[in-house]
Enquirer: 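One structure is given below, represented as structure tokens, and several questions about it will come after.
Sequential numbering from 1 along the given sequence is applied to the chain's residues. Indexing begins at 1, ligand by ligand and atom by atom, following the structure's order.
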Amino acid sequence: MFTTHEPKGSGRHMTIASVHSSASSLQAEFPGVVHLPGGPEYDALTTPWDLAVRQAPVAVAEPGDAAAVAAIVRAVVGLGLRIAPQTTGHAAAPLVHHQDLSDVVLLRTGRLTEVHIDAPRRLARIGGGAIWADVIGAAAEHGLMVLHGSAADVGVVGYTLAGGLSFYGRRYGLAANSVRVIELVTAAGELMRVDAESDPELFWALRGGVGANFGIVTAVEMELFPLATVHAGMMLWDIGHADPVLRTWATWAKTAPEEVTTSLRIMRFPPLPELPPFLSGRRIVVIDGAVLGSSEDAAAVLAPLRAVAPEMDTFADMPTTVLTDVHMDPPEPTPSVAQGAILDELGEEGVRALLQEVGPSAECALTFLELRQLGGAIGRSPEHGGAISALPGSFAMFACAIAPFPEAAAAGQAAGQSVRRAMTPWTNERSFPSFNHGESQVGTGYSAGDFARLRAVRERVDPDRVLAAHHPIY
Ligand SMILES: Cc1cc2nc3c(=O)[nH]c(=O)nc-3n(C[C@H](O)[C@H](O)[C@H](O)COP(=O)(O)OP(=O)(O)OC[C@H]3O[C@@H](n4cnc5c(N)ncnc54)[C@H](O)[C@@H]3O)c2cc1C
């Protein structure tokens with residue numbers, strides 16, 4: 001395991017007074033774009049999707065275009081401050097865990113939402129602040145699909161440049177591999193267009209090295225795939241059936257065709273009026289995902305799971321535009337704590353260990369424990385892939401607790417740590433940055449050689465460590 005030796009913050013020696021004076025100068029230079037603490041814009045723009053996190057940067061900026069991003073970066077650097085791009089704040093927890101924001105200008109990308117579909121070339125040009133909801137429907141108008149994740153309100157750049165694990169993954173691979181061009185503002189405040197020819201090493205680092213370590217991405221061009229409908233849905237059981245369901249799924253997942261990608265979650269919901277009756281107050285097991293193929297093919301693929309007799313089964317042909325509904329991610333900003341690991345094949349003992357932690361007889365503070373099915377194209381690095389072009393292993397584990405108050409956060413963290421400890425024998429040495437929220441696991445997503453390579457690129461493009469990323473590479 002690699003850990004960062006870098007203390008939080010830039011290590012520059014500015015007094016609090018000079019940091020605030022710099023922020024005031026920045027606001028004076030960019031009125032209406034840069035906001036300081038105390039105003040309603042500051043409060044709104046520093047509130048992340050993950051409401052469990054409080055962000056207190058010295059200022060927050062919301063520029064309207066790439067040129068404005070570049071101008072702000074140049075000014076920030078000139079004033080001795082640092083800068084952190086953020087689109088939605090889904091990953092605000094690792095940002096505040098790894099970065100002291102007291103000398104950081106948070107740059108919200110929410111106005112960079114252009115989406116242009118080039119149907120003949122099967123390419124989408126997507127602004128650095130777009131979320132998947134902006135792209136999925138636009139691509140679908142041309143019968144095309146993009147390798148988005150389970151939730152429509154996640155940012156395209158944050159998701160993709162950390163790998164990007166989708167329900168199309170076992171067939172088409174990680175989303176990072178579908179990136180063709182990245183436009184970014186460097187730490188020197190220059191606008192650059194990076195592709196495999198112009199700067200192969202930076203292009204490699206950006207695709208998996210988590211974009212913000214190398215620049216503020218203002219647009220990406222991504223490959224689209226010809227697909228208008230998908231066979232998708234979920235099967236649901238009471239938690240009392242967790243043992244046969246998990247056992248069956250874990251065995252099935254090993255040999256299932258690449259056309260199917262699924263997830264299994266063991267979930268615990270409090271009784272809440274806003275939840276549908278099949279979730280409210282219930283403890284359940286859910287398998288969901290997508291099958292690429294006809295409904296007949298899908299029925300054959302899913303038959304072993306159906307044989308365990310789910311109480312609910314919504315798998316059906318559907319337009320690709322509604323695939324983001326099947327995973328039932330929270331539709332609104334939500335306070336949560338989470339952590340992850342990558343597991344190799346579980347076997348009998350691994351299944352038993354997991355059930356002991358989260359099964360029907362466990363007292364568990366997690367809202368859900370999720371296993372995403374890996375393998376297929378997710379496990380294969382294509383030629384010319386980036387720093388994360390594949391995830392080796394059988395399952396990506398994500399342990400998450402809704403945390404509306406500190407005691408719930410502490411209990412959720414403890415439960416997540418307990419599961420990770422129990423699953424250590426099945427955990428491989430790699431990790432998936434997007435499923436690591438908070439714990440210091442810097443560098444564990446990469447081989448030793450790749451991490452050294454990432455550090456060399458970072459040293460080249462941001463020697464003064466002006467950029468503050470949620471998973472920093474130093
Ligand atoms: C409900 C939910 C569902 C999820 N589902 C999936 C899934 O199916 N598959 C998957 O792979 N992941 C999934 N994730 C994880 C998600 O992909 C990561 O948390 C990702 O980092 C979120 O990106 P964001 O821009 O929305 O978040 P933010 O917190 O805004 O950004 C995260 C980080 O990305 C970088 N970043 C963002 N925008 C830019 C930019 N324009 N330029 C440079 N750097 C930038 C910054 O370092 C930033 O700190 C999910 C997360 C949640 C909360």
Side-chain angles (χ1 to χ4, degrees), residues 45 48-53 55 63 66 69 73 83-99 101 104 106-113 126-133 147-169 174-176 182-187 206 208-220 261 263 288-290 323-324 326-338 340 367-368 370 372 374 378 388 391 396 398 400 402 432-438 467-473:
L45 288 168
W49 186 92
D50 182 349
L51 296 173
V53 177
Q55 308 186 114
V69 174
V73 171
I83 193 152
Q86 182 170 73
T87 295
T88 66
H90 272 85
L95 180 67
V96 300
H97 182 83
H98 291 297
Q99 304 284 353
L101 298 186
V104 167
L106 190 71
L107 186 136
R108 295 302 298 249
T109 60
R111 291 169 67 193
L112 309 176
T113 55
I126 303 166
I131 60 172
W132 283 119
L147 301 179
H148 61 83
S150 60
D153 64 353
V154 161
V156 173
V157 167
Y159 161 97
T160 302
L161 298 187
L165 191 54
S166 77
F167 279 138
Y168 302 117
L174 294 181
I182 300 170
E183 291 179 7
L184 55 81
V185 172
T186 66
L206 280 160
V210 180
N213 281 298
F214 308 102
I216 299 177
V217 175
T218 52
V220 287
T261 307
S263 140
D288 62 355
L323 181 59
T324 47
V326 306
H327 201 58
M328 301 180 294
D329 281 313
E332 304 284 341
T334 303
S336 65
V337 290
T367 309
F368 66 88
E370 174 165 12
R372 293 264 178 124
L374 304 180
I378 295 170
I388 296 182
L391 291 177
F398 189 59
C400 180
I402 304 302
F432 179 41
S434 278
F435 283 6
N436 291 340
H437 279 210
L467 297 161
H470 67 320
H471 290 286
I473 288 167

Enquirer: Can a donor-acceptor pair be found, under 3.5 Å and without considering hydrogens, that links the side chain of Q99 to the backbone of A469?
Expert: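 Flag set: sc Q99 to bb A469 pair under 3.5 Å.
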Enquirer: Would you sort out whether L95 and L106 count as a side-chain contact (heavy atoms from CB on, under 4.5 Å), showing the intermediate values?
Expert: CA-CA 11 Å; L95 180 67; L106 190 71; 4.1 Å; yes
Enquirer: Give the atoms of ligand 1, by number and element, whose distance to some non-hydrogen atom of F432 is under 4.0 Å.
Expert: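 What qualifies from ligand 1 is 11 (O).
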Enquirer: Considering A130, G169, P85, which one's heavy-atom position lies nearest to atom 48 (C) of ligand 1?
Expert: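 Answer by nearest heavy atom: P85.
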Enquirer: Under a 4.0 angstrom heavy-atom cut-off, which atoms of ligand 1 come close to A212?
Expert: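 Near A212, the atoms of ligand 1 are 43 (C), 44 (N), 46 (C), 47 (O).
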Enquirer: With no hydrogens and no angle check, is any side-chain donor or acceptor of T88 less than 3.5 Å from a backbone partner on W49?
Expert: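 Here the side-chain-to-backbone pair does not exist.
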Enquirer: So is G163 in contact with ligand 1, going by heavy-atom distances below 4.0 Å?
Expert: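 For ligand 1, residue contact (heavy atoms, under 4.0 Å) with G163 is absent.
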Enquirer: Report yes or no: does W49 have a heavy atom closer than 4.0 Å to ligand 1?
Expert: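 Within the 4.0 Å threshold, so yes.
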Enquirer: If you count the atoms of ligand 1 from 1 in the order shown, which ones are under 4.0 Å from a heavy atom of G215?
Expert: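 Close to G215: 43 (C).
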Enquirer: Would G89 count as being in polar contact with ligand 1, using the rule that some N or O on each side must be under 3.5 angstrom apart?
Expert: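 It does: an N or O of G89 is found under 3.5 Å from an N or O of ligand 1.
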Enquirer: For ligand 1, is any non-hydrogen atom under 4.0 Å from E370's backbone (N, CA, C, O), its side chain (CB onward), both, or neither?
Expert: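 Neither part.
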Enquirer: Can you tell me which portion of T88 lies within the under-4.0 Å heavy-atom range of ligand 1? Options are side chain, backbone, both, or neither.
Expert: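 Within the 4.0 Å criterion, T88 contacts ligand 1 through backbone and side-chain atoms alike.
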Enquirer: Measuring from atom 39 (C) of ligand 1, which candidate in V53, V69, V157, L391 has the nearest non-hydrogen atom?
Expert: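 Among V53, V69, V157, L391, the closest heavy atom to atom 39 (C) of ligand 1 belongs to V157.
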Enquirer: Taking the six-membered ring where the residue is Trp, are the ring centres of F167 and H148 under 6.0 Å apart?
Expert: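 Distance test on ring centres: not under 6.0 Å, no.
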Enquirer: Quick check: do L161 and I182 have side-chain heavy atoms less than 4.5 Å from each other?
Expert: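 They are in contact (side-chain heavy atoms under 4.5 Å apart), so the answer is yes.
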Enquirer: Do ligand 1 and L95 have nitrogen or oxygen atoms that lie under 3.5 Å from each other?
Expert: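 No; the residue has no nitrogen or oxygen that sits under 3.5 Å from a nitrogen or oxygen of the ligand.
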Enquirer: At a 4.0 Å threshold, what atoms of ligand 1 neighbour a non-hydrogen atom of G155?
Expert: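 Atoms satisfying the 4.0 Å criterion: 24 (P), 25 (O), 26 (O).
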Enquirer: Under a 4.0 angstrom heavy-atom cut-off, which atoms of ligand 1 come close to T109?
Expert: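 Answer, ordered by atom number: 41 (N).
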Enquirer: Heavy-atom distances under 4.0 Å decide this one: backbone, side chain, both or neither, for D329 against ligand 1?
Expert: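 For D329, the contact with ligand 1 is made by the side chain alone.
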Enquirer: Please check if any side-chain donor atom of H471 sits under 3.5 Å from a side-chain acceptor atom of N213, or the reverse.
Expert: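 Note: H471 and N213 side chains miss the donor-acceptor criterion.
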Enquirer: With sequence neighbours left out, what residues match S150 under side-chain hydrogen bond (donor to acceptor under 3.5 Å, both in side chains)?
Expert: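 side-chain hydrogen bond (donor to acceptor under 3.5 Å, both in side chains) check on S150 returns D329, R372.
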Enquirer: In sequence, state the C-alpha distance, the side-chain angles, and the governing distance for L174 and I378, and then conclude on side-chain contact (heavy atoms from CB on, under 4.5 Å).
Expert: CA-CA 6 Å; L174 294 181; I378 295 170; 4.1 Å; yes
Enquirer: In the protein, which heavy atom is nearest to atom 29 (O) of ligand 1, and how far is it?
Expert: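 Atom 29 (O) of ligand 1 sits closest to the protein heavy atom A91 N, 2.8 Å.
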Enquirer: Are the side chains of P85 and V217 in contact, using a 4.5 Å heavy-atom criterion?
Expert: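 They are not in side-chain contact.
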Enquirer: Run the side-chain hydrogen bond (donor to acceptor under 3.5 Å, both in side chains) test against E183 and tell me which residues pass, sequence neighbours left out.
Expert: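 Checked E183 against side-chain hydrogen bond (donor to acceptor under 3.5 Å, both in side chains); matches are R125, R193.
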Enquirer: Which residue, I216, V220, L206, forms the side chain to side chain contact (heavy atoms under 4.5 Å, CB included) with L184?
Expert: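 Answer to the side chain to side chain contact (heavy atoms under 4.5 Å, CB included) test with L184 among I216, V220, L206: L206.
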Enquirer: Decide side-chain contact (heavy atoms from CB on, under 4.5 Å) for S336 and D50; before the verdict, give the C-alpha distance in whole Å, the side-chain angles of both, and the deciding distance to 0.1 Å.
Expert: CA-CA 6 Å; S336 65; D50 182 349; 3.7 Å; yes
Enquirer: Name the option, out of S150, S166, G149, that contains the heavy atom nearest to atom 4 (C) of ligand 1.
Expert: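 Comparing heavy atoms across S150, S166, G149, the nearest one to atom 4 (C) of ligand 1 lies in S150.
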Enquirer: Any atoms of ligand 1 less than 4.0 Å from a non-hydrogen atom of G128? List them with their elements.
Expert: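 It comes down to these atoms of ligand 1: 41 (N).
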Enquirer: Assign the ring pair W132 / Y159 to parallel, tilted or perpendicular, where the plane angle (0 to 90°) is split at 30° and 60°.
Expert: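 Ring orientation, 0 to 90° scale: perpendicular.
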Enquirer: How close do I131 and D153 get, counting heavy atoms only, and between which atoms?
Expert: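 I131 and D153 have their closest heavy atoms at CG2-O, 3.7 Å.
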Enquirer: When you measure from the heavy atoms of A162 to every atom of ligand 1, does any distance fall below 4.0 Å?
Expert: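 Not so, A162 does not reach ligand 1.
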Enquirer: What atoms of ligand 1 come within less than 4.0 Å of a heavy atom belonging to V154?
Expert: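 Here the atoms of ligand 1 in question are 17 (O), 22 (C), 26 (O).
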Enquirer: For H148, is the nearest heavy atom under 4.0 Å from an atom of ligand 1?
Expert: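 Judged by the 4.0 Å heavy-atom criterion, H148 does not count as contacting ligand 1.
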Enquirer: Give me the nearest non-hydrogen protein atom to atom 21 (O) of ligand 1 as residue plus atom name, then the distance to 0.1 Å.
Expert: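 In this structure, atom 21 (O) of ligand 1 has G158 O, 3.6 Å as its nearest protein heavy atom.
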Enquirer: What are the atoms of ligand 1, with element, lying closer than 4.0 Å to any heavy atom of L165?
Expert: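 The list of qualifying atoms is 7 (C), 8 (O), 9 (N), 10 (C), 11 (O).
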Enquirer: In the protein, which heavy atom is nearest to atom 53 (C) of ligand 1, and how far is it?
Expert: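 For this ligand atom, the closest protein heavy atom is H90 CD2, 3.0 Å.
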